[in-house]
Amino acid sequence: MIAYALRRLLGAIPTLLMLITLAFFMIRLSPGGPFDNERTLPPEIEANLNARYHLDEPLAMQYARYLGNVLRFDFGPSFQYKDWTVNELISSGFPVSATLGLLAMALALVVGLSAGTYAALRQNSWIDYGVMTIAMTGISIPTFVVAPLLILVVALSLGWLPAGGWDWTPARMVMPVVTLALPLIAYISRLMRASLIEVLHSNFIRTARAKGLSERQVIFRHALKPAALPVISFLGPAIASVLTGSVVVERIFTVPGLGSHFVQGALNRDYTLVLGVVVFYGMLIIVLNFLVDLIYAWLDPRIRYDRRWS
Amino acid sequence: MALLEVRDLMVSFATPEGEVHAVNSVDFDVEPGEVMAIVGESGSGKSQTAMALLGLLSENGQARGSALFDGKDLLKLSQSELNQYRGSQVAMIFQDPMTALNPYRTVGSQLREVLTCQRHMERRQANREALEMLEQVRITDPERRLQQFPHELSGGMQQRVMIAMALLARPRLLIADEPTTALDVTVQAEISELLRDYQRRYETAIMLITHDLGVVAGLCERVLVMYGGRVMEYGDVRAIYHQAEHPYTAGLLRSVPRLDRLDDEELHGIPGNPPNLLELPTGCPFQERCQVAIERCSSLPSLTRANHGGLRRCHLEGAIE
């Protein structure tokens with residue numbers, strides 16, 4: 001088990017390295033720089049600034065310096081938010097984003113799994129078609145359409161919830177969480193429906209019926225766990241989708257999370273902030289995917305990572 | 001009175017290509033404590049006959065006729081009423097133990113639930129009985145097996161677990177659908193022997209579904225030969241083996257390798273393929289592959305009394321060589 005974890009983490013190093021390299025050079029390719037303003041700075045001041053942030057060094061050297069700092073988990077100072085380091089910005093924004101993300105995932109799992117199960121058990125009924133139509137719509141409509149629509153209807157027309165902002169109260173969490181969860185709910189319910197229908201046709205379900213178990217016992221004791229496995233393996237991509245979704249959603253609902261830092265950083269050419277968030281997200285996705293794999297192995301007894309495959 | 005009385009059983013499936021008649025007016029009895037066999041190739045309707053009895057047909061399937069078990073018509077019962085019989089009175093063993101056992105639950109939990117879910121037995125008691133049953137089906141190290149998952153056992157072990165599971169509630173009728181087909185030959189013999197021993201000790205009636213006439217000879221008293229969803233021949237195993245009166249039965253017997261006849265007798269297959277149930281010929285379903293078919297075979301022969309004392313469905317008279 002420990003050997004497996006170590007191997008997985010070692011395997012993540014090349015991935016991260018590639019991510020850092022690509023992100024580092026791509027942001028440098030984009031036109032403009034962190035200190036470009038409508039008002040041009042006097043050349044001496046600009047030279048001083050560049051020297052202060054090592055922007056005067058050759059790119060390769062900057063890259064090496066950045067890598068060295070990342071190894072010490074130091075993402076450097078922000079170019080735009082004076083007196084803030086990227087580490088500080090991440091630790092202030094991450095709790096907000098994590099709260100939104102976790103709530104959205106929880107909501108998506110509860111609603112998606114139950115809707116999918118319900119639809120599968122009433123296959124080809126109007127309930128089934130209803131759930132699947134809603135799910136299809138949920139997948140097709142992008143978050144940047146859903147979010148403004150929600151604000152328009154729920155906040156502006158009905159006046160039930162505040163349109164945006166953040167103060168850690170549930171009222172301000174509802175809309176961003178729902179917006180983030182909608183596409184996941186749609187995806188998970190479709191996945192769950194399809195896999196439960198397939199599982200219900202398998203031989204061991206027939207065995208369970210032949211034993212005289214009630215339909216309820218057949219489903220709860222025998223069908224749900226194997227049916228949920230594809231959903232578990234979808235959790236990895238789902239986490240990534242929540243993270244990237246949060247970039248848009250936080251911006252629209254003016255939530256001070258990592259996502260809004262990311263967008264703002266990109267607009268400002270805040271090199272270190274953008275890189276920091278990208279690397280942090282990358283590590284997060286790698287670690288969470290690892291956890292998902294562990295959960296999968298725990299649910300499926302046929303998979304054991306600590307045993308050598310011959 | 002017979003334990004199970006099947007009369008005019010019909011099983012059909014609604015498919016996009018049309019209605020498939022898998023079983024056509026099949027009659028048979030199973031006496032208490034008797035071992036009877038239903039024999040046929042794949043597609044003969046033998047498995048669907050068993051599935052229909054336990055209400056396990058797939059959703060597009062429909063069973064008509066009657067199947068009186070202890071005087072109750074199993075075909076008229078709802079799924080929840082059937083649960084009074086399934087597992088406890090009538091149990092079933094399936095062909096492929098690898099897929100018939102739930103890969104996500106331990107052997108122990110799958111055994112115990114036969115007793116805990118339906119008969120509300122206490123868990124500890126159920127565990128004791130499961131352990132005892134594993135010993136009876138001659139599984140080594142039964143205590144460890146209870147903790148294991150099906151994939152950790154060999155195919156023969158898995159089938160023993162299936163058998164233990166079916167016998168746990170001491171059913172009066174055991175339906176065994178090709179219990180040895182997926183297993184090695186040596187394991188096949190052990191499983192047959194196990195079934196025979198158990199049947200003798202507890203006088204459980206067994207309905208054995210198989211295509212293997214060798215297994216039938218070792219286990220059964222009466223045999224029902226099916227082809228294209230219809231009964232072709234029915235009667236005492238020894239009498240039929242001695243003088244089959246239906247060309248299909250005779251063909252099946254010729255295709256069994258025999259150790260007691262080592263003279264240069266060749267093994268004969270039956271030419272052709274099992275019939276397409278969507279395009280069954282009118283008349284005898286076997287006519288296209290039958291080597292002694294005559295013109296009259298295009299009308300369906302009725303089941304008549306055979307010289308061996310059972311029943312036969314053929315226009316030709318007398319034993320087939």
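Proteins get letters first, then strands, A, B, ... in listed order; numbering begins at 1 in each. Everything numeric here is computed off the predicted structure, so don't read it as measured data. These numbers come from the heavy atoms of this one structure, side chains and all, not from hydrogens, waters or symmetry mates.
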Quick one: closest heavy-atom pair of [X] and [Y], and the distance?
{"X": "Arg209(A)", "Y": "Asn83(B)", "answer": "O-OD1, 4.3 Å"}
{"X": "Leu56(B)", "Y": "Ala210(A)", "answer": "CD1-CB, 3.8 Å"}
{"X": "Pro301(A)", "Y": "Pro103(B)", "answer": "CG-O, 3.1 Å"}
{"X": "Arg302(A)", "Y": "Tyr104(B)", "answer": "NH2-OH, 2.9 Å"}
{"X": "Cys117(B)", "Y": "Leu213(A)", "answer": "CB-CD2, 3.5 Å"}
{"X": "Gln110(B)", "Y": "Lys211(A)", "answer": "O-NZ, 2.8 Å"}

Arg105(B) side chain vs Arg221(A) backbone, donor-acceptor pair below 3.5 Å
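It does hold such a pair.
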
Test item: Thr207(A) side-chain N/O and Ala100(B) main-chain N/O as donor-acceptor pair under 3.5 Å:
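Looks like yes, one N/O pair under 3.5 Å.
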
More than 12 heavy atoms of other residues, nucleotides or ligands under 6.0 Å from [atom1] of [X]: yes or no?
{"X": "Glu81(B)", "atom1": "CD", "answer": "yes"}
{"X": "Arg123(B)", "atom1": "CZ", "answer": "no"}
{"X": "Trp126(A)", "atom1": "CH2", "answer": "no"}
{"X": "Glu135(B)", "atom1": "CD", "answer": "yes"}
{"X": "Glu198(A)", "atom1": "CD", "answer": "no"}
{"X": "Glu59(B)", "atom1": "CD", "answer": "no"}

Part of [X] lying under 4.5 Å from any heavy atom of chain A:
{"X": "Thr106(B)", "result": "neither"}
{"X": "Gln95(B)", "result": "neither"}
{"X": "Gln84(B)", "result": "neither"}
{"X": "Thr99(B)", "result": "both"}

Options Val90(B), Leu101(B), Leu54(B), Ile93(B), ranked by heavy-atom pairs under 4.5 Å with chain A, top entry
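Winner by heavy-atom pair count: Leu101(B).
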
Against chain B, label Ile205(A) side chain, backbone, both or neither, depending on which of its atoms sit under 4.5 Å from a heavy atom there.
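The answer is neither part of Ile205(A).
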
Nearest 0.5 Å, what's the NE2-OG distance between His201(A) and Ser58(B)?
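Rounded to the nearest 0.5 Å, the NE2-OG separation comes out at 7.0 Å.
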
Going by residue number, which parts of residues 60-69 of chain B are within reach of chain A, meaning a heavy-atom gap below 4.5 Å?
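Interface residues of residues 60-69 of chain B: none, nothing closer than 4.5 Å to chain A.
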
